[in-house]
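Proteins get letters first, then strands, A, B, ... in listed order; numbering begins at 1 in each.
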Amino acid sequence: MKGEASAIAGPVRLGELARRLALDLRGDPDIEVKSAATLASARPGQISFMANPAYRDQLLATRASAVIVPAKTAGLAPCAALIAEDAYAAWARLLGLFHPVPAACPGVDDSACIDADAVIDPGAEIGPLSRVGAGARIGAGVVVGPGCVIGPDARIGSDARLAGQVFVGAGCCLGERVVVHPGAVIGADGFGLAMHEGHWIKVPQIGVVRIGDDCEIGANTTIDRGAIEDTVLGRDVRLDNQVQIAHNVTIGDHTALAGCVGVAGSTRIGRYCMIAGASGVGGHLEICDHVVITAMSTVLNSISEPGQYGSGIPARPLRAWQKILVRLGQLDRLFRSGR
Amino acid sequence: MKGEASAIAGPVRLGELARRLALDLRGDPDIEVKSAATLASARPGQISFMANPAYRDQLLATRASAVIVPAKTAGLAPCAALIAEDAYAAWARLLGLFHPVPAACPGVDDSACIDADAVIDPGAEIGPLSRVGAGARIGAGVVVGPGCVIGPDARIGSDARLAGQVFVGAGCCLGERVVVHPGAVIGADGFGLAMHEGHWIKVPQIGVVRIGDDCEIGANTTIDRGAIEDTVLGRDVRLDNQVQIAHNVTIGDHTALAGCVGVAGSTRIGRYCMIAGASGVGGHLEICDHVVITAMSTVLNSISEPGQYGSGIPARPLRAWQKILVRLGQLDRLFRSGR
Amino acid sequence: MKGEASAIAGPVRLGELARRLALDLRGDPDIEVKSAATLASARPGQISFMANPAYRDQLLATRASAVIVPAKTAGLAPCAALIAEDAYAAWARLLGLFHPVPAACPGVDDSACIDADAVIDPGAEIGPLSRVGAGARIGAGVVVGPGCVIGPDARIGSDARLAGQVFVGAGCCLGERVVVHPGAVIGADGFGLAMHEGHWIKVPQIGVVRIGDDCEIGANTTIDRGAIEDTVLGRDVRLDNQVQIAHNVTIGDHTALAGCVGVAGSTRIGRYCMIAGASGVGGHLEICDHVVITAMSTVLNSISEPGQYGSGIPARPLRAWQKILVRLGQLDRLFRSGR
């Protein structure tokens, strides 16, 4: 995000946008746009984009004053075009200009409850009704939204943003520019139990959670502290909402997990992996770099080759599916009879 | 709910109940009941119901003073009977008489933290330790329970109830009589990412969440704000706990999603759909009206015909299931050999 | 936990540890250890353990000063050994000595908001920014962490610990020594709806949640109140994170549910069951004692025989899986053609 300088307020000339995004422009640099919209909803004075060829018809019909498109599509645009092979990334950068993240408003809200032994950078913002425990350290430019709980000895790196109602457990560490959405719980105890003489003994969970720079943690996502060693997210790891990360998991840089994914204890996931929604990954596994798991799959074995894996079953009309279920139950018999 | 008038406190005559619920009574209108219970646990002085024929034996043996039943079952009741073809709905209305939702106690708790620029109707109740941001508007009769965060410029329609620890993000709008259970997060950022030169760029999420009148949102459910346009729930949409609704999803009126369902981005779900527990619906799909999805199914294609769909597999004894898994792996070979 | 007496601070002699854990020692009782670590990371002065034979090589190479191991493995240890057939349980007890749960610091934080009609034991600790409603009773030794909401008439048994941001609804009861992790919601309304004349009527949920002694409830887990009767967890029930328990479920003593498990309404689960991650259990079922459900399974029928059950499908390379999916769709035809 650095280097994209100041935000755009009010109309901006396309020539100026092209310069700031370092993109080629086809069209009149003096045309002005003042906001961003989808191809279908854009009106004159707005800018849009097309990254997915499925939207070709919408591009042909758009009323936008300009679009961001790859070179090969630019000829279809009925308006000015900023040329970007990776149009979606360019669009993300453009939106960042029109809708910059507001800077921290340094200071501690009167209703916040800060332990006397917490260390809060004067450039940090602590929102209403938030709690910061003893020994916690909050870096410069951090925004702690309303209703957060930062446990004792936790560390929040500079420019991190906790949107509100976030829980960070004792001793857990968040890197710089980490973004955490509401309801996320970082550093609850792992699920460590030993059965002994007919009842469960709780195994003390003495590790922490360490989250690298530029990670993003979704709403109501949970990341448990390590049992003995730590639970670790690398840099630029992206977790969607309602993800569950058990104790001692490690996740490599730039890996993204979609909503409702669960990862069981001590599993190691590599770099640049992508796990689609609601998939589960078993415990004590090793998943190498560049693995893609499709939606609602169950990973029960380690994966040592990059590529796509899955076990999700697309829904069918119920009667057809019920027939298949009956046949599944007869499958072993069929195999036996056939030999 | 309207028109059901005042609550019942203390014993009530069956004749009075029949009148208020507009049901026929078989039995003595002077019998009094004072509370509601299940068929099996009810004692004299209580009223129960039977909507599901599976409970026939419990009806025969009930000690309740009265029951709500369909006409065809009334002859089995060993007590007075209020006749309702839709006995469960009548039961719901009866419980609403015995256990009405308490009205708002207008006023703002001293411990709440209200921005000077928030607009709170004098008939609204703001509970302890809640936060209301700048520009937010809270309607008449609203109850904001303890520990809620209402973001800047959010709107809460009249008579809505936020049970406590609810998060409503900036600019999000809840309709009238919306009920939100604890831990729900409405309006976190959607999971918008663009990979660029080996790292993720966050795509600003500039839409909001709009929730229609009479919706109910379960505990720890998450509904993300739209990327550019909005995430929209129609009227009378019902979401159970731990549901995940991604950015730009739209859900039609009267649709209900059970616990742990996830819906990926930009999918449009129709009216009067029902999605059973833990099912997942992929992104960019169209699901028409009156679709039923059975439990733990994976919807990966659009559905244009009303009806039931599924792909969940009932659990079996593990050895039997493992045999089936082995056979699944041999299936392609079987097909090839057979031809 | 009782009877394990005072915590260990600083180095402790192995002879002393053996005595306090009631284990046999092989080695020099005067060796001192001062903390606990994994086999791989332990250095001299630390103690470790091995319960799983898969870690045999790490045992052979460990630099720990002592290990906890079963008798049959003790000969492999390159250091002193405390002998425990159930090494993991002994390890749990040892960690409890080194890392005891801190006792409550009796008193109510100034920023907490306590209703005048709440009854708080003088030995309880109520943390910052927590709310305790009218008629609630908080037992001796209880720790209510920051940002919790305890509803009216709720009861929290002695020595229970609510880590922070926990919601306990009106009238719900937690037993002694119950542990609840952040974001858990106990006692939201069950998902009770009746369709009537084209719209949903909410069925009032008038039961509560009752949780027995020694239970543990994970982060962001939800347990709904009963519709008429109660939702009940027995003693020593252990729920991991993001578990969803619907209204009127009952769970027997010593049963454990892993992360992301969902249980639908009115199901009864027995004692000593274990349900692995992300499995779903349908409504109105009876699951007997000593049932094990493997990960990502769908339980749609009652189970009356102890044992292991499952329906999860391990992920494969996507092309192989897609072939199987095609064959699944052709299965019925294959069966018909073969007869």
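Proximity to chain C is absent for every atom of Val132(A), based on heavy atoms less than 4.5 angstrom apart. Looking at Ala219(C), both its backbone and its side chain come within 4.5 Å of chain A, counting heavy atoms on both sides. For chain C, the nearby parts of Leu331(A) are the backbone and the side chain; heavy atoms of each come within less than 4.5 Å. Contact annotation for Glu216(C): only side-chain heavy atoms (C-beta onward) come within less than 4.5 Å of a heavy atom of chain A. With a 4.5 Å cut-off on non-hydrogen atoms, Leu239(C) touches chain A through its backbone but not through its side chain. Using a 4.5 Å cut-off between heavy atoms, Cys260(A) makes no contact with chain C at all. Neither the backbone nor the side chain of Ile303(A) has a heavy atom closer than 4.5 Å to any heavy atom of chain C. Using a 4.5 Å cut-off between heavy atoms, Val166(A) contacts chain C through its backbone alone, with no side-chain atom that close. Only the side chain of His284(A) comes within contact range of chain C, judged by heavy atoms closer than 4.5 Å. If you measure heavy-atom distances from Asp189(A) to chain C, the contacts under 4.5 Å come from both the backbone and the side chain. Proximity to chain A (any heavy atom under 4.5 Å) is restricted, for Leu129(C), to the side chain, taken from C-beta onward. Residue Asp236(C) touches chain A through both its backbone and its side chain, counting heavy-atom pairs closer than 4.5 Å. For chain A, the nearby parts of Thr38(C) are the backbone and the side chain; heavy atoms of each come within less than 4.5 Å. In this structure, chain A has no heavy atom under 4.5 Å from any part of Asp110(C).
Chain C forms the most heavy-atom pairs under 4.5 Å with one residue out of Gln244(A), Glu197(A), Met195(A), and that residue is Gln244(A). The most heavy-atom pairs under 4.5 Å with chain A, out of Val179(C), Leu325(C), Asp214(C), come from Leu325(C). Chain A forms the most heavy-atom pairs under 4.5 Å with one residue out of Ala278(C), Ala276(C), Ala256(C), Pro146(C), and that residue is Pro146(C). Interface summary for chain A: among Leu318(C), Leu95(C), Asp253(C), the most heavy-atom pairs under 4.5 angstrom belong to Leu318(C).
Taken to the nearest 0.5 Å, the CG atom of Asp332(C) stands 9.0 Å off from the CD atom of Gln330(A). Taking CZ of Arg336(C) as the start and NZ of Lys323(A) as the end, the distance is 5.0 Å to the nearest 0.5 Å. Within the model, atoms CD1 of Ile206(A) and NE2 of His99(C) stand 3.5 Å from one another, a figure rounded to the nearest 0.5 Å. Atom CZ of Arg131(A) sits about 12.5 Å away from atom CD of Gln165(C), to the nearest 0.5 Å.
Taking the side chain as every heavy atom from C-beta outward, Leu300(A) and Thr294(C) never approach each other to under 4.5 Å. For the pair His199(A) and Arg235(C), the minimum side-chain heavy-atom distance is 4.5 Å or more. Looking only at side-chain heavy atoms (C-beta outward), Ile313(C) and Ile313(A) come within less than 4.5 Å of each other. Between Leu193(A) and Tyr88(C), the closest side-chain pair of non-hydrogen atoms is not below 4.5 Å. Counting heavy atoms from C-beta outward, Thr222(A) and Gln242(C) have side chains that approach closer than 4.5 Å. A 4.5 Å side-chain heavy-atom check between Arg327(A) and Arg333(C) finds every atom pair outside the cut-off. Put simply, the side chain of Cys113(A) reaches to within 4.5 Å of the side chain of Asp109(C), judged on heavy atoms. Residues Asp224(A) and Asp240(C) are in side-chain contact: their nearest non-hydrogen atoms beyond the backbone lie under 4.5 Å apart.
When all heavy atoms of Gly329(C) and Ile324(A) are compared, the pair lying nearest together is CA-CD1, 4.2 Å. The minimum heavy-atom distance between Pro182(C) and Ala188(A), with the atom names listed, is CD-CB, 4.0 Å. For the pair Trp91(C) and Ile228(A), the tightest heavy-atom approach, listed with the atom from each and the gap, is CZ2-CD1, 3.2 Å. Here the shortest heavy-atom pairing between Met296(C) and Gly280(A) reads SD-N, 3.6 Å. Minimum heavy-atom separation, Pro314(C) to Ser311(A): O-CB, 3.7 Å.
Other residues, nucleotides and ligands contribute at most 12 non-hydrogen atoms within 6.0 Å of the CZ atom of Arg155(A).
Of the possible polar contacts, one joining the Asn220(C) side chain to the Gly183(A) backbone as a donor-acceptor pair under 3.5 Å is found. In this structure, the side chain of Tyr272(C) engages the main chain of Gly198(A) through a donor-acceptor pair within 3.5 Å. Without hydrogens or angle criteria, Trp200(A) side chain to His254(C) main chain gives a donor-acceptor distance under 3.5 Å.
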